[in-house]
Novice: 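Supplied in structure tokens, the structure appears directly below.
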Amino acid sequence: MDKNKVKLDKEFYARLLDSLEGYAVFTMDKAGLVTSWNKGAERLLGYKDDEIIGKNASTILLPDERKDGEQVKELNAVSHQGNIKSERWYLNKMGYTLLSSDTIYPLRDRRGAISGYVKVMRDVSDFRRSENNLLFLSEASKLLSSSLNYTKTLNRVAEIAVPQIADWCTVDLLVGKGKIEQVAVAHKDPKKVTWAKELRKKQPIDMKTNSGVPHVLRTGKSEFYPLVTDKMLAASVKTKKTLDLVRSLQITSVILVPLLVGGMAIGVITFLTTGGRKRFTKTDLRMAEELATRASLVINNAQLYKSARENEFKFKSFVRSNIIGVFIANKEGKIYAANESFSKIIGYSREELKQGKVIRWKLVPREYETREKKAMKELEQKGSTTPWEKEYIRSDGSQIPVLVTSTLIEPSSGTNITLVVDMTERKKLEQRKDEFIGIASHELKTPLTSIKGYIQILERIIREMGNERAKTLISKTNTYINRMNSLISDLLDVSKIQSGKIRFNYEKFDFYDLVTEVIDAIQPTTTKHTIICKDCIHQDIIGDRNRLEQVFTNLLSNAIKYSPKADKVTIRMTRDSKYITVGVTDYGIGIEKRHHDKLFRRFYRIEKSSNQFSGLGIGLYISSEIVNRHGGKIWVESMEGKGSTFYFKLPLKNK
Ligand code: ADP
């Protein structure tokens, strides 16, 4: 044979082998000592040929497998079976693990006896890793979507992660403020799982640590440690005992990913490899983050579902409790669901209601139609109505007083729910109260009139006797009698308004005269205030003079009463083609905006000032009733601490 040709062939094959990207080829003798080492092997495993030739090929195995004599076993198998293909993890010189798909052949001498071995390795780490990760992710996703019991599911996910993806997989969830619970822990050895669970019980996690589960919970960001060094371990734990413990785990690589719900970390999935078997790469981190995203979605959905179920349950219990009437109607007002209480209020059976026989408008008396339309508009625009009082027409034609409020439950379709309170008893009570006020004030008025008469006789006698001290006392008595008289008259008015018995006697008169008369009567009752009439004008109007006098007196007395520190009250009159407007301005305590409309209600007084100023809270109510009945309007403009102006306007042409 041509020696030169053989040499050329050898060189050619050696170069060919070296140029194969991703392939490592090396030979061993019978004892497993490396005899040749190509460039591919150097690239893959980090050793130069002079560093490894002559050494045992088990140098590149994982420490565990080296101990177990894997190399000897493998070579024996090849000796008996010929070529062997396998896949295993290796450790390169830099400490990186890699998964290789190997073929190992025996080398034979001329007589056919085994003289050594050749191993061809192909790095499949990335490929297998991605494949494994994908398989795991799809398996885990199937599990996650299979049940709403997410703690159970997370446990199953952790279980299938070991040992392919990691040696340990744990899931911690935030339960309550600053407390975490390990809801899942998996390892291929069940004894280790029990050990880990007990360990967690004995040594709860320190929530203040700057790495690991508590830190991920705080930041909501993943943590990735491809290679955990002893230095890192020492920095992450506080006591020697814990350090010994984590050292004994032989942690190699760690990934922690947050479970995010609504931007908040509610838990952490941890993947851990041990014993130098596998180092996580960015591919693994991406997979873990993808898994966490899917798991978070499932947790979120499960929690939403749970709270929706709870809300539904609470709502149903509330409806069934029949404390108040409840019905659900569609946009057109068709009632299709109602509780027993509502059915009793309106006198239709629930069956009739279910059959859609009743529509909202059918229940509304004519006098409430405008108000009802306004409420429906409010419902459409704001999503709910302010509670308002009205009446319903019952199935027998009678009317029942109710307090109602509606809320949209499905804005897209206009479906809404209405709560209805039966006001019959309250109305009866109010009626009895009004009757009582009417009777009581009437009963008080009669003796007071007699007292007033006797006092007048007494006054005359005393004047004749010329007793000055008695004269003063009688005059004081008269002041109190007058005050009492006006209080009783006001109460009688309230009862008249309530029962619709208030009557007006219309006449034509100059409003200017009324204003000046009242000012003349009130001015002597105050020593502090000067009542100034600015821009007061003559204007004939038609109205009940006494009742309008009552309105103006009331506003003027209030202006004085509620401005104890001021020295004046100003009256202004303006007129346009239709109305005359009177404004009474004081410089007193003023009124917060939220009270402005309510002041004209019966018995309404502002609590804050009610101790300081005596009164019954009916003056403005009576005034507004009188003004309204004249076709006018009464209102206030005021700011707390800045004084108030009460206005009322009356039409120039009345009845
Ligand atoms: P009363 O003065 O007897 O309480 P009114 O019906 O006249 O009853 O007034 C109702 C409430 O309105 C008063 O209790 C007071 O809180 C408030 N109010 C009325 N007038 C004034 C005013 N000029 N300045 C401040 N508060 C006022």
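When a residue number appears, it is its place in the shown sequence, counting from 1. In each ligand, atom 1 is the first atom listed, and ligand 1 is the first ligand listed. Quick caveat: nothing in here was measured; it's all calculated off a predicted structure.
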Novice: For ligand 1, find out whether one of its N or O atoms is nearer than 3.5 Å to an N or O atom of Ile606.
Specialist: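 For ligand 1, there is an N or O atom that lies under 3.5 Å from one belonging to Ile606.
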Novice: Within a distance under 4.0 Å of any heavy atom of Ser644, pick out the atoms of ligand 1 and give their elements.
Specialist: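 Result: 24 (N).
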Novice: Identify the protein heavy atom lying closest to atom 5 (P) of ligand 1, giving its residue, its atom name and the separation to 0.1 Å.
Specialist: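 Answer for atom 5 (P) of ligand 1: Leu620 N, 3.7 Å.
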Novice: Consider only side-chain N and O atoms of Ser406 and Asn416, and report whether a donor and an acceptor are under 3.5 Å apart.
Specialist: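 Side-chain D/A pair, Ser406 to Asn416: absent.
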Novice: Look at atom NZ of Lys331 and say whether more than 12 heavy atoms of other residues, nucleotides or ligands are closer to it than 6.0 Å.
Specialist: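 No - once you tally the heavy atoms of other residues, nucleotides and ligands closer than 6.0 Å, there are 12 at most.
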Novice: Is it the case that Thr151 and Asn149 place a side-chain donor and acceptor less than 3.5 Å from each other?
Specialist: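 The answer is yes; a qualifying pair exists.
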Novice: Does a donor on one side chain and an acceptor on the other come within less than 3.5 Å for Asn339 and Ser341?
Specialist: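 Asn339 vs Ser341: no donor-acceptor pair found between side chains.
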Novice: Out of Tyr604, Phe613, Tyr587, Tyr621, whose heavy atom sits nearest atom 11 (C) of ligand 1?
Specialist: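 Ranked by closest heavy atom to atom 11 (C) of ligand 1, first place is Tyr604.
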Novice: Students should be able to answer this: which protein heavy-atom is nearest to atom 12 (O) of ligand 1, and at what distance?
Specialist: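 It is Leu599 CD2, 3.2 Å.
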Novice: Only one of Ile531, Leu548, Thr553 passes side chain to side chain contact (heavy atoms under 4.5 Å, CB included) with Val518; say which it is.
Specialist: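 When side chain to side chain contact (heavy atoms under 4.5 Å, CB included) is applied between Val518 and each of Ile531, Leu548, Thr553, only Thr553 qualifies.
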Novice: If you measure from atom 3 (O) of ligand 1 to every heavy atom of Ile560, Leu616, Ile618, which option wins on shortest distance?
Specialist: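 Closest candidate by heavy-atom distance is Leu616.
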Novice: Near Lys561, which atoms of ligand 1 are under 4.0 Å from a heavy atom of that residue?
Specialist: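 What qualifies from ligand 1 is 1 (P), 2 (O), 3 (O).
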Novice: Would Thr418 and Arg360 count as having a side-chain donor-acceptor pair, cut-off 3.5 Å?
Specialist: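 Side-chain D/A pair, Thr418 to Arg360: present.
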Novice: Should one rank Phe646, Phe603, Tyr562 by closest heavy-atom distance to atom 24 (N) of ligand 1, which comes out on top?
Specialist: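 Considering heavy atoms of Phe646, Phe603, Tyr562, the nearest to atom 24 (N) of ligand 1 sits in Tyr562.
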Novice: Is the shortest side-chain heavy-atom distance between Pro214 and Arg218 below 4.5 Å?
Specialist: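 Yes - at least one pair of side-chain heavy atoms lies under 4.5 Å apart.
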Novice: Parallel under 30°, tilted from 30 to 60°, perpendicular over 60°: which one fits the rings of Tyr392 and Phe342?
Specialist: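 Because their plane-to-plane angle is over 60°, the rings of Tyr392 and Phe342 count as perpendicular.
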Novice: Side chains of Ser489 and Lys445 only: does a donor on one sit below 3.5 Å from an acceptor on the other?
Specialist: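 Distance-only check passes for Ser489 and Lys445.
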Novice: For atom 7 (O) of ligand 1, find the nearest protein heavy atom and state the residue, atom name and distance (0.1 Å precision).
Specialist: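 Ranked first by proximity to atom 7 (O) of ligand 1 is Asn558 ND2, 2.8 Å.
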Novice: Any nitrogen or oxygen of Asp586, side chain or backbone, less than 3.5 Å from one on ligand 1?
Specialist: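 So ligand 1 has an N or O lying under 3.5 Å from an N or O of Asp586.
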Novice: Which ligand 1 atoms does Ile591 reach within 4.0 Å, using its non-hydrogen atoms?
Specialist: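 Near Ile591, meaning under 4.0 Å from one of its heavy atoms, ligand 1 has 25 (C), 26 (N), 27 (C).
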Novice: Where is the nearest protein heavy atom to atom 4 (O) of ligand 1: which residue, which atom, and how far?
Specialist: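 It is Arg605 NE, 2.5 Å.
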Novice: Among Leu555, Thr574, Ile571, exactly one meets side chain to side chain contact (heavy atoms under 4.5 Å, CB included) together with Val582. Which residue is that?
Specialist: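 Single side chain to side chain contact (heavy atoms under 4.5 Å, CB included) partner of Val582 among Leu555, Thr574, Ile571: Ile571.
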Novice: Taking N or O atoms only and a 3.5 Å limit, does Ile589 qualify as a polar contact for ligand 1?
Specialist: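 In fact, backbone or side chain, Ile589 has no N or O that close.
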Novice: Show the atoms of ligand 1 that are less than 4.0 angstrom away from any heavy atom in Gly615.
Specialist: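 That gives atoms 3 (O) of ligand 1.
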Novice: Where on His595 is there a heavy atom closer than 4.0 Å to ligand 1, on the side chain, on the backbone, on both, or on neither?
Specialist: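 The answer is neither.
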Novice: With a 4.0 Å cut-off on heavy atoms, does Gly617 reach ligand 1?
Specialist: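 Right, Gly617 reaches ligand 1.
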